[in-house]
Each structure stands twice: as structure tokens, then as C-alpha cells.
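Got a structure for you, questions after.
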Amino acid sequence: MRYLHTMVRVKNLDESLNFYCNIFGLEEVRRHESEAGRFTLVFLAAAEDKESFNTSSTPALELTYNWDSEEYAGGRNFGHLAYEVSNIYETCEKLRAAGITINRPPRDGHMAFIVSPDGISIELLQKGRNLEPAEPWLSMGNTGSW
């Protein structure tokens, strides 16, 4: 397992980039805009990590800006922790066997979500190519929120 990023939702992308980049000193290393999803993702890294980000996926801060205004209550502006795993199905089965609810099952062989005992969402991402969709995950619905 490898730590990937921490996601924080922001209300004003320009204001947040000013804070995180110009004042705090992080640097933008990747940006993704989704017209269909109506969001922008901006990944930031410390100057010392910038060079290795593109070659080794150095952990980063992900700013998520949803284009439609939304109020975040109860810590929803903090999004999730993300970890890359070598086999998402084996990881989810191990967690499920330990009594952990798989809130968003890996139906696509790529992504799943669980929640810590303190309510922190944790995203699990398949390393490399997605695995072929497989049961029981393919038929499993979402549970709770993440």
C-alpha cells in the first residue's frame, strides 16, 4: 500500500491557490477539469517534492473545487485520504473480513471507499490497470456516505 494524497474541498479556487501557493509555498503539479462532473482538481506539492511527483507520484494535496456552490458542514470540506493498493479486491475482502464496511465497493476494479472509526473517508485505488469487474463487488451497492 502507498499513500497518495489528501483531498480538501475549497469554495474559491483562486483564493485557495493564492493561500496554498503564494503564501504557504506549495506548487501546482497537476490539474484536471471535468465539464461533465462540474469540478476542478488541482494537485499541489512542496517544492522539494515537485520533481519526483511526476515520476513517483509523491504524496500531494488535492484541492477539489466544485463549480456549483455548496455549503460544507460537519467537516465535509475535508475530503479523504487516498492509498494505492496492489489488489483492490484482496484489500477490500481483508477489510470486510475484519468488520469494516465497504461504503463504495470496487465495482469498476479501480476505486473503493471505506470510513475510519472517526468518520474519515479513505479512498483505495488499484495500482496500475483496473482489475476486471468481479463479484461480489460488481453487484454490491453503496452503503452510507464517504
Side-chain angles (χ1 to χ4, degrees), residues 1-13 16-17 19-21 24 26-146:
M1 179 177 348
R2 189 168 57 82
Y3 179 71
L4 295 177
H5 64 260
T6 298
M7 185 270 266
V8 176
R9 289 182 179 85
V10 299
K11 289 183 181 182
N12 182 313
L13 185 57
S16 295
L17 286 172
F19 169 76
Y20 285 108
C21 295
F24 192 62
L26 298 179
E27 297 182 33
E28 183 173 331
V29 291
R30 188 172 72 213
R31 183 181 289 237
H32 171 74
E33 294 195 1
S34 173
E35 190 80 33
R38 301 193 47 72
F39 65 84
T40 301
L41 306 178
V42 179
F43 290 85
L44 306 175
E48 292 84 3
D49 295 329
K50 186 177 178 183
E51 287 302 314
S52 62
F53 180 83
N54 292 320
T55 58
S56 67
S57 295
T58 297
L61 174 62
E62 173 191 330
L63 302 182
T64 296
Y65 172 66
N66 294 307
W67 299 355
D68 301 316
S69 64
E70 183 178 343
E71 289 299 317
Y72 303 116
R76 280 288 296 151
N77 62 319
F78 173 78
H80 59 261
L81 302 175
Y83 289 87
E84 181 180 69
V85 297
S86 59
N87 186 305
I88 198 159
Y89 295 145
E90 289 175 6
T91 300
C92 286
E93 184 53 43
K94 178 182 171 185
L95 292 165
R96 190 168 72 154
I100 303 299
T101 299
I102 309 300
N103 297 92
R104 194 279 192 194
R107 291 182 292 274
D108 54 6
H110 174 69
M111 177 180 65
F113 274 90
I114 61 172
V115 177
S116 78
D118 297 306
I120 302 298
S121 292
I122 301 172
E123 179 182 27
L124 304 172
L125 294 168
Q126 174 62 40
K127 181 178 183 175
R129 298 173 50 120
N130 295 357
L131 301 181
E132 287 294 318
E135 295 296 346
W137 314 108
L138 187 59
S139 303
M140 209 177 272
N142 295 338
T143 303
S145 61
W146 58 92

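Heads up: numbering here begins at 1 and tracks the sequence.
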Measure across Trp137 and Cys92 and return the closest heavy-atom pair with its distance rounded to 0.1 Å. CH2-CB, 3.6 Å
Take Asn142 and Arg107 through the side chain to side chain contact (heavy atoms under 4.5 Å, CB included) test and state the conclusion after the steps. CA-CA 10 Å; Asn142 295 338; Arg107 291 182 292 274; 3.0 Å; yes
Between Ile114 and Thr101 the two heavy atoms that sit nearest each other are CG2-O, 3.8 Å
Pro105 and Ala112 have their tightest heavy-atom pair at C-CB, 4.3 Å
Rounded to the nearest 0.5 angstrom, the CG-NE2 distance for Leu4 and His80 is 9.0 Å
Heavy-atom distance under 4.5 Å between the side chains of Tyr83 and Ile122, does that happen here? yes
Could you tell me the separation between the OG1 atom of Thr143 and the CZ atom of Arg104, rounded to the nearest 0.5 Å? 12.0 Å
For the CE atom of Met111 and the CG atom of Asn130, what is their distance to the nearest 0.5 Å? 10.0 Å
For the residue pair Val29 and Thr58, establish whether any side-chain heavy-atom pair is separated by less than 4.5 Å. no
In this structure, NE2 of His5 is separated from CG of Leu63 (nearest 0.5 Å) by 11.0 Å
In the structure I gave you, are the side-chain heavy atoms of Leu81 and Ser121 within less than 4.5 Å of one another anywhere? no
Are there more than 12 heavy atoms of other residues, nucleotides or ligands under 6.0 Å from atom CD of Glu35? no
Can you name the closest pair of heavy atoms from Asn103 and Trp146 and give their distance? O-CZ3, 3.6 Å
With a 4.5 Å heavy-atom cut-off, do Leu44 and Cys21 have their side chains touching? yes
CG on Asn87 to CD on Gln126, rounded to 0.5 Å: 5.5 Å
Please say whether more than 12 non-hydrogen atoms of neighbouring residues, nucleotides or ligands are located less than 6.0 Å from CZ in Arg31. yes
Could you tell me which non-hydrogen atom of Gly109 sits nearest to which non-hydrogen atom of Ile88, and how far apart they are? O-CG2, 3.9 Å
Residues Leu124, Leu95; criterion side chain to side chain contact (heavy atoms under 4.5 Å, CB included); working and verdict: CA-CA 11 Å; Leu124 304 172; Leu95 292 165; 3.8 Å; yes
Rounded to the nearest 0.5 Å, what's the gap from CD on Glu62 to CZ on Arg9? Could you check? 9.0 Å
